[in-house]
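Step one of this worksheet: look at the structure below.
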Amino acid sequence: MSELLKISLPDGSVREVERGATPADVAAAIGPGLAKAAMAAKVDGEVRDIMRPFDGDAELALITSRDEAEALELVRHDYAHVLAEAVQALWPGTQITFGPSTEDGFYYDVMAPEGREPFGMDDLPAIEEKMREIIKADKPLRREVWAREKLIEKWQAEGEAFKAEWAAELPENEELTVYWSGDDWLDMCRGPHLASTGKLDPQAFKLMRVAGAYWRGDQKNAQLTRIYGTGWLNKKQLNAHLHRLEEAGKRDHRKLGQEMDLFHLQPEAQGSVFWHPKGYMIWRELEAYMRRRIDEAGYQEVKTPQLMDARQWQQSGHWGKYRENMFVVPDEIPSTDDDAPIVSNDADMMALKPMNCPAHVLIFKQGIKSYRDLPVLMAEMGCCHRNEPHGALHGLLRVRQMTQDDGHIFVREDQLVDEVRRFCELTDRVYKDFGFESYAIKLALRPEQRFGSDEDWDKAEDELRNAVAEAGMATEDYGWEELPGEGAFYAPKLEWHLTDAIGRTWQVGTIQSDRVLPERLDASYVGEDGEKHRPVMLHRAVIGTYERFIGILIEHYAGKLPLWLAPVQAVVATIVSDADDYAETVAAQLRDAGIRVETDLRNEKINYKVREHSLAKVPHLLVVGKREAEEGTIALRRLGSDEHQKVMPLDEAIAMLRDEALAPDQRPQS
RNA sequence: GCUGCUGUAGCUCAGGGGUAGAGCGCACCCUUGGUAAGGGUGAGGUCGAGAGUUCAAUUCUCUCCAGCAGCACCA
């Protein structure tokens, strides 16, 4: 057997190296520049330490900072380890658990020593300082394979209960590795890592915040302190990231909602929105648009009760599986006697609806349905209440009173896939109308807590999978992914996700195929054979809820809503008070043409008015002075336009604005 | 719900054991100005709520409430 190994490089060349050689040796043989730049190695497609010897002949690609995705992943993982080492150096007795890289940085979950409070923001500067020390010490990171028993023993001896538990539970066939940092600290880790801590840039990371996180993501377990950081290849990248965060903060719908006077929230109605006139105008336009879209798609709109008796919710199954999230109301006249309880202990219960589905089944059940009547497409702008945990509430994106663009499609088995596919097309059309060029579709599979047989779930999951495939959307372009355990208790879900200003994704659209509820509420139709059959019920929403969707729209457009959605579409601003009468005329004519217009006749300079309305994100500013009043023109200034103004006859301006203010579905097809 | 941070004028924020400040906004006055802040005067605050320590608390301590970030949960 030859002692020389054949290492093929990306350029096709092959180098021979001694057994025991490492990718670092190859890099050094190629040139000192590469030796310095090489961070890790891709050996037969697997990213490995640059100091780890080859196992045999291999294909090798060296990873440098030019392979940005891989390089970032490596440094972030290393920052996480340095973070853990720093925390233990500062506070001996701290337990360490788990610390991966993330989208833009890293975190490490730790448990403060017994008797010490969880780490807080005040501790971060000291940790950062210690991390810099460790980086500057340029400690070699050395990989070793350990026997499981030895590893568990070590963790137990050091009081690392979490690590010990984890080491014991790693799969039998997995090789357990540790990484030494210098000679005095080690962590159990699969790797890979850089050759030494000194490869990190001490100025390219920043600890961002601390938060609680449950051990293994389970609320029943101990809560650890998660220390988050952002980490980059160099300081320039770090600063660019911090700048991006700042910019994203400016798009926050809560901030814009206040600045633009769209809505507010207050403690007396936690999680429920006070829509101001301007914010509600967006809602009205959105609702009108959705009505046109669902009319066109063949839905019939209904309206169903807010309050229903607990018995109804018991029958639908919500009482058993969803009660924690429901607002329950006693069905009793409240006592006005100061000495008596407001309601008796055994009052009958009602509940505000958390979903519209049971009520829609009740409508479906009125009268007898023939197989010819199916599919029945029922829609409701359904206002629902869900008793969400306080910590979950988030502006418009997570509320307790929400209005869904809900709908239920009752189908025969043979119609199911086709209807799901049609729905995929509807969502695509709607999202594109709002300029969402990319979104993600995910399939949430059966959860642990569920109704129905495994066969039904197999079938339901397959149907959704197939429908998306038929629509051509089960691809990477659509972020296609399956999420085990994430489905609703009654059905698997297809989910459509959009992204907010700082990159968090939110579910908006969904469709779920459900055989449970029609069964529980005994919905049926008469088939061709004259027998009773169960319809399948598709629960679906396109924009999800008006609250969330408007929140996402505000962030998506950074407040600069397209003309058709803008609450104030135009402002007529005067330069001199002599033009006041003319400005009123202009505004009146625009109003007659259906444009939402305001006048600004204040005793202020035009500069001031331009600035103010620009900041208020009014799409069009119509400036009128003496000249325009005499000539019957206006000077139009568009928000965000480079050209300053365009003087045009009033008629022309009105016709133009009227055309531009049409919703996407009302525009002539080009 | 859990962990951490925060709560001072309509908004953004400074301050600090002895009853409170700025800028913007608002009101009034002067100014009629041609495309991103003209000038002046003035009004406006139980310093999130409650309790404790103190001669004295907006400031220190505790409890609660709310907001923010994350976790868990979810549209």
Side-chain angles (χ1 to χ4, degrees), chain A residues 102 107 109 112 117-124 208-228 249 252 254-255 258-259 261 264-268 270 322 324-325 354-355 382 384 386-400 402-406 444 486 488 493 495-498 502 504 506-510 539 541-549 551-552 573-580 602-616 621-628 635-637 639 641 643-645 647:
Chain A
T102 65
Y107 66 77
D109 286 348
E117 296 195 338
F119 300 111
M121 290 295 282
D122 297 344
D123 298 317
L124 297 186
M208 304 298 281
R209 55 178 168 263
V210 294
Y214 300 103
W215 169 236
R216 302 185 146 197
D218 191 332
Q219 205 164 0
K220 291 194 281 291
N221 293 340
Q223 188 164 41
L224 312 164
T225 306
R226 178 169 295 178
I227 302 173
Y228 279 94
D252 190 306
R254 292 164 300 187
K255 190 174 158 72
Q258 185 187 61
E259 283 170 11
D261 192 19
H264 85 271
L265 297 156
Q266 65 180 64
E268 288 74 11
Q270 232 191 326
Y322 203 71
E324 282 183 346
N325 295 288
M355 299 182 191
C384 295
R386 293 185 188 173
N387 204 341
E388 301 287 348
H390 289 74
L393 301 177
H394 182 91
L396 296 179
L397 301 186
R398 188 79 182 267
V399 293
R400 300 212 289 189
M402 69 206 80
T403 302
Q404 299 180 308
D405 74 312
D406 205 3
E486 306 262 310
K493 297 197 303 195
E495 303 179 346
W496 278 257
H497 292 255
L498 298 177
I502 59 172
R504 289 175 297 205
W506 297 88
Q507 185 192 318
V508 288
T510 180
H539 305 246
V542 180
I543 63 170
T545 69
Y546 282 82
E547 288 82 359
R548 176 174 287 183
F549 197 71
I552 290 177
T574 51
I575 293 169
V576 291
S577 52
D578 286 350
D580 285 1
R602 290 176 305 170
N603 177 15
E604 294 292 353
K605 295 205 163 143
I606 193 63
N607 288 329
Y608 181 90
K609 295 185 185 182
V610 165
R611 176 181 155 81
E612 198 171 85
H613 298 301
S614 299
L615 289 175
L621 192 60
L622 281 64
V623 178
V624 297
K626 242 183 214 154
R627 224 152 55 212
E628 287 77 11
L636 183 73
R637 186 191 163 101
L639 182 64
S641 160
E643 46 181 323
H644 263 193
Q645 61 165 359
V647 178

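Residue numbers begin at 1 in each chain, while the letters A, B, ... track the order of the sequences.
Among the nucleotides B:U32, B:A66, B:A75, the one closest to the side chain of A:Val576 is B:U32. The side chain of A:Arg611 lies closest to B:A36, out of B:A66, B:A36, B:C73. Closest approach to the A:Val399 side chain among B:C73, B:A75, B:G34 is made by B:A75 (side chain taken as heavy atoms from C-beta onward). Checking B:A36, B:G70, B:G33 against the side-chain heavy atoms of A:Arg209 singles out B:G70 as nearest. The nucleotide whose nearest atom lies closest to any side-chain atom of A:Glu388 is, among B:G33, B:C26, B:C73, B:C73. With distances taken from any side-chain atom of A:Val623 to the nucleotides B:C74, B:G34, B:A69, the minimum falls on B:G34. Which of B:A66, B:A36, B:G34 sits closest to the side chain of A:Arg637 comes down to B:A36. When distances run from any side-chain atom of A:Met402 to the nucleotides B:C73, B:A36, B:A75, the shortest one goes to B:A75. Listed nucleotides: B:A37, B:C71, B:A66. Nearest to the side chain of A:Tyr228: B:C71.
B:A69 and B:U32 have their P atoms separated by 49 Å, given to the nearest Å. B:A27 and B:A20 have their C1' atoms separated by 23 Å, given to the nearest Å. For the C1' atoms, the distance from B:G48 to B:G7 is 6 Å, rounded to whole Å. Using C1' as the reference atom, B:G44 and B:C26 are 9 Å apart when rounded to the nearest Å. Distance noted for atom P between B:G4 and B:C62: 12 Å (whole Å). As rounded to the nearest Å, B:G18 and B:C64 have P atoms that lie 28 Å from one another. Comparing B:U8 with B:U12, their P atoms sit 9 Å apart, to the nearest whole Å. Across the P atoms, B:U41 and B:A9 are found 24 Å apart, a figure rounded to whole Å.
Evaluation of the salt bridge (Lys or Arg N to Asp or Glu O under 4.0 Å) rule for A:Asp109 yields A:Arg226 as partners, not counting sequence neighbours. Residues satisfying the side-chain hydrogen bond (donor to acceptor under 3.5 Å, both in side chains) test with A:Arg627, not counting sequence neighbours, are none. The salt bridge (Lys or Arg N to Asp or Glu O under 4.0 Å) check on A:Arg611 picks up nothing, with sequence neighbours excluded.
Distances shorter than 4.0 Å separate none of the side-chain N or O atoms of A:Gln219 from OP1 or OP2 on B:A72. Contact check, A:Gln270 against B:G67: a side-chain N or O comes under 4.0 Å of OP1 or OP2.
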Let's go through A:Leu639 and A:His613 carefully: what are the C-alpha distance in whole Å and the side-chain angles of both, what is the deciding distance for side chain to side chain contact (heavy atoms under 4.5 Å, CB included) to 0.1 Å, and is it a yes or a no? CA-CA 9 Å; A:Leu639 182 64; A:His613 298 301; over 6 Å; no
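Salt-bridge check for A:Arg216 with A:Asp218: failed, with every basic side-chain N at 4.0 Å or more from each acidic carboxylate O.
Between the side chain of A:Glu628 and the base of B:G34, at least one donor-acceptor pair of N or O atoms lies under 3.5 Å. Contact annotation: side chain of A:Arg216 to base of B:C71, donor-acceptor pair absent below 3.5 Å. If you check distances only, the side chain of A:Arg226 never reaches the base of B:C71 with a donor-acceptor pair under 3.5 Å.
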Can you check nucleotides 3-9 of chain B for protein contacts, nitrogen or oxygen pairs under 3.5 Å, and list what you find?
from: B:U3; atom 1: O4'; to: A:Gln223; atom 2: OE1; distance (Å): 2.8
from: B:U3; atom 1: O2; to: A:Gly212; atom 2: N; distance (Å): 3.1

Which atom pairs link the protein and nucleotides 10-14 of chain B when you take only N or O atoms and keep those under 3.5 Å?
from: B:C11; atom 1: O3'; to: A:Gln258; atom 2: OE1; distance (Å): 3.2

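Of the possible donor and acceptor atoms, none in the side chain of A:Lys609 sits under 3.5 Å from a partner among the backbone N and O of A:Val623. Checking side-chain atoms of A:Arg548 against main-chain N and O of A:Leu397 turns up a donor-acceptor pair under 3.5 Å. Proximity of a side-chain donor or acceptor of A:Arg386 to a complementary backbone N or O of A:Pro354 within less than 3.5 Å is detected. A donor-acceptor pair under 3.5 Å is formed between the side chain of A:Glu628 and the backbone N or O of A:Gly625. No donor-acceptor distance shorter than 3.5 angstrom exists from the side chain of A:Asp252 to the backbone of A:Gly249, with no hydrogens or angles considered.
When each of A:Val542, A:Leu498, A:Thr545, A:Ile543 is checked for a side-chain contact (heavy atoms from CB on, under 4.5 Å) with A:Val508, only A:Leu498 meets the rule.
The CD1 atom of A:Ile575 lies 11.0 Å from the NZ atom of A:Lys626; values are rounded to the nearest 0.5 Å.
If you measure from atom CG of A:Leu397 to atom P of B:A75, you get 14 Å, rounded to the nearest angstrom.
Heavy atoms of A:Tyr608 sit under 4.0 angstrom from primed sugar atoms or phosphate atoms, though from no base atom.
Stem analysis of RNA chain B (at least three stacked-register Watson-Crick or G-U pairs, each with both distances under 3.5 Å) gives B:1-7 with B:65-71, B:10-13 with B:21-24, B:26-30 with B:38-42, B:48-52 with B:60-64.
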